[in-house]
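Just below is one structure, and these are the notes that go with it.
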Amino acid sequence: MRREPVLRVVGKLLIPYMLVFALYVQFHGDFSPGGGFQAGVITAAAIIFYALIFGLPAARRVVPEAVVEAMVALGVLIYMSVGFAGLALGGNYLDYFVLAHDPVHGQERGIFWVEIGVLVTVSGVMLKIFYVFAGRGRESGGG
Amino acid sequence: MMAATVLAIIVQRNLFSVVVLAGVYSFLMATVLVALDAVDVAMTEASVGAGISTVLLLGALYLCGGEEAKPLSRPWLPLVVTLVIVAALVYGTLGLPAFSDPQAPIHTHVVPRYLTQALAETGVPNVVTAVLASYRGYDTLGETVVVFTAGIGVIALLRRRRRGKEDGK
């Protein structure tokens with residue numbers, strides 16, 4: 001599939017828009033449908049698309065496996081540290097009211113970081129599962 | 001249309017068309033969810049059900065071949081068990097409040113507060129996001145941990161096997 005010029009050109013055209021759309025879904029999730037989970041899946045889908053067209057090694061160069069594995073854990077850590085930030089500032093665990101002077105603003109800030117945590121973990125897990133599957137196929141298929 | 005898709009999935013012996021039909025089913029399901037005004041869920045269904053899982057199933061198909069094996073024996077016992085469970089579940093749904101009944105407990109407990117106060121309390125116009133990330137923050141944390149655990153499980157299972165294979169060579 002690597003020699004398909006149509007797929008390569010279309011992929012190169014589409015993938016940036018997919019990533020931008022993922023960011024839109026992420027950060028506009030407050031106002032329209034979407035949020036961390038959907039954005040994470042779309043991000044992972046964009047990179048999987050890239051891997052399907054340009055081959056797994058190319059995708060591994062763009063997003064190395066070590067980064068993906070770190071993302072899996074990092075997202076949960078971001079989420080939990082938002083909770084601990086609430087604790088440190090004098091609220092309960094996952095209390096967002098204390099994160100800023102204005103309670104509503106604190107809520108927005110808390111939701112923002114929590115959604116980022118979800119995004120990072122979800123896209124990391126999806127990508128990692130794809131990498132593992134595709135890597136196995138390569139070994140048993142290519143000898 | 002969804003029933004036709006399901007029947008086609010059951011009848012088909014070629015696993016490639018089964019995977020594609022499963023994607024079709026997911027998109028139909030997403031359409032149903034849009035019709036029910038659950039746009040967030042529809043988006044998740046379309047991206048996960050039709051997108052990622054189709055790709056993963058195709059990857060699995062590449063590993064294990066495209067034809068479904070013939071069953072060794074007639075699976076009567078599993079069929080009976082499935083039918084009994086289906087009957088029990090359908091019986092259970094009879095106890096639920098009628099669809100879109102405004103007096104259902106779910107509409108009278110905390111939902112009015114979410115719907116009327118969410119914007120003032122969290123500053124987020126999308127109530128789904130407000131409930132997900134703020135009111136139900138613990139639940140979402142749990143979900144994220146579930147996703148994390150699933151990822152770790154897959155890594156642990158498949159990685160070790162791969163390393164074992166390398167040792168075997």
Side-chain angles (χ1 to χ4, degrees), chain A residues 25 28-42 44-45 48-49 52 68-69 72-73 75-76 78-80 82-83 93-97 102-108 110-115 117-118 121-122 124-130 132-137 139-141, chain B residues 34 38-64 118-126 128-130 132-138 140-155 157-159 161-162 165-166:
Chain A
V25 168
H28 209 257
D30 295 359
F31 306 97
S32 61
F37 193 86
Q38 290 90 338
V41 172
I42 294 172
I48 290 175
F49 190 40
L52 289 179
V68 175
E69 281 173 22
V72 172
V76 180
I78 291 176
Y79 202 131
M80 292 174 95
V82 173
Y93 190 68
L94 284 176
D95 246 356
Y96 307 144
F97 295 106
D102 179 28
V104 172
H105 194 74
Q107 282 280 346
E108 282 174 351
I111 290 176
F112 176 81
W113 282 107
V114 159
E115 294 276 12
V118 176
T121 288
V122 168
V125 167
M126 298 289 173
L127 260 185
K128 182 66 200 175
I129 294 177
F130 174 75
V132 170
F133 263 79
R136 282 176 69 80
E139 270 166 26
S140 47
Chain B
V34 170
V39 192
D40 287 78
V41 190
M43 207 165 173
T44 316
E45 174 70 37
S47 53
V48 179
I52 298 276
S53 50
T54 305
V55 170
L56 288 182
L57 284 173
L58 285 179
L61 215 60
Y62 177 68
L63 292 180
C64 59
L119 182 55
E121 284 183 355
T122 63
V124 171
N126 182 3
V128 177
T129 304
L132 204 74
S134 180
Y135 293 111
R136 288 276 172 269
Y138 274 106
T140 310
L141 175 61
E143 282 164 23
T144 315
V145 173
V146 167
V147 172
F148 167 75
T149 321
I152 294 293
V154 169
I155 292 173
L157 280 174
L158 293 182
R159 245 216 187 153
R161 210 169 286 168
R162 195 167 55 188
K165 213 186 257 173
E166 278 164 14

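Residues B/Asp40 and A/Phe37 form no side-chain contact, since every pair of their non-hydrogen atoms from C-beta on lies 4.5 Å or further apart. Side-chain contact between B/Ile52 and A/Ile48: present, with at least one pair of heavy atoms (C-beta onward) separated by less than 4.5 Å.
Every residue meeting the side chain to side chain contact (heavy atoms under 4.5 Å, CB included) condition with B/Val145, not counting sequence neighbours, appears here in chain and number order: A/Val76, B/Leu141, B/Thr149. Residues meeting the side chain to side chain donor-acceptor pair (under 3.5 Å) test with A/Glu69, sequence neighbours left out: A/Lys128, B/Arg159.
Taking every heavy atom of both residues into account, B/Phe148 and A/Val125 meet most closely at CA-CG2, 4.3 Å.
Among A/Val122, A/Val72, A/Val118, the residue with the largest count of heavy-atom pairs under 4.5 Å with chain B is A/Val72. Most heavy-atom pairs under 4.5 Å with chain A: of the set B/Val39, B/Val41, B/Val147, B/Val154, this distinction falls to B/Val147.
Note: A/Thr121 OG1 to B/Glu143 CD = 12.5 Å, rounded to the nearest 0.5 Å.
In this structure, chain A has a heavy atom under 4.5 Å from the side chain of B/Val55, while its backbone stays farther away.
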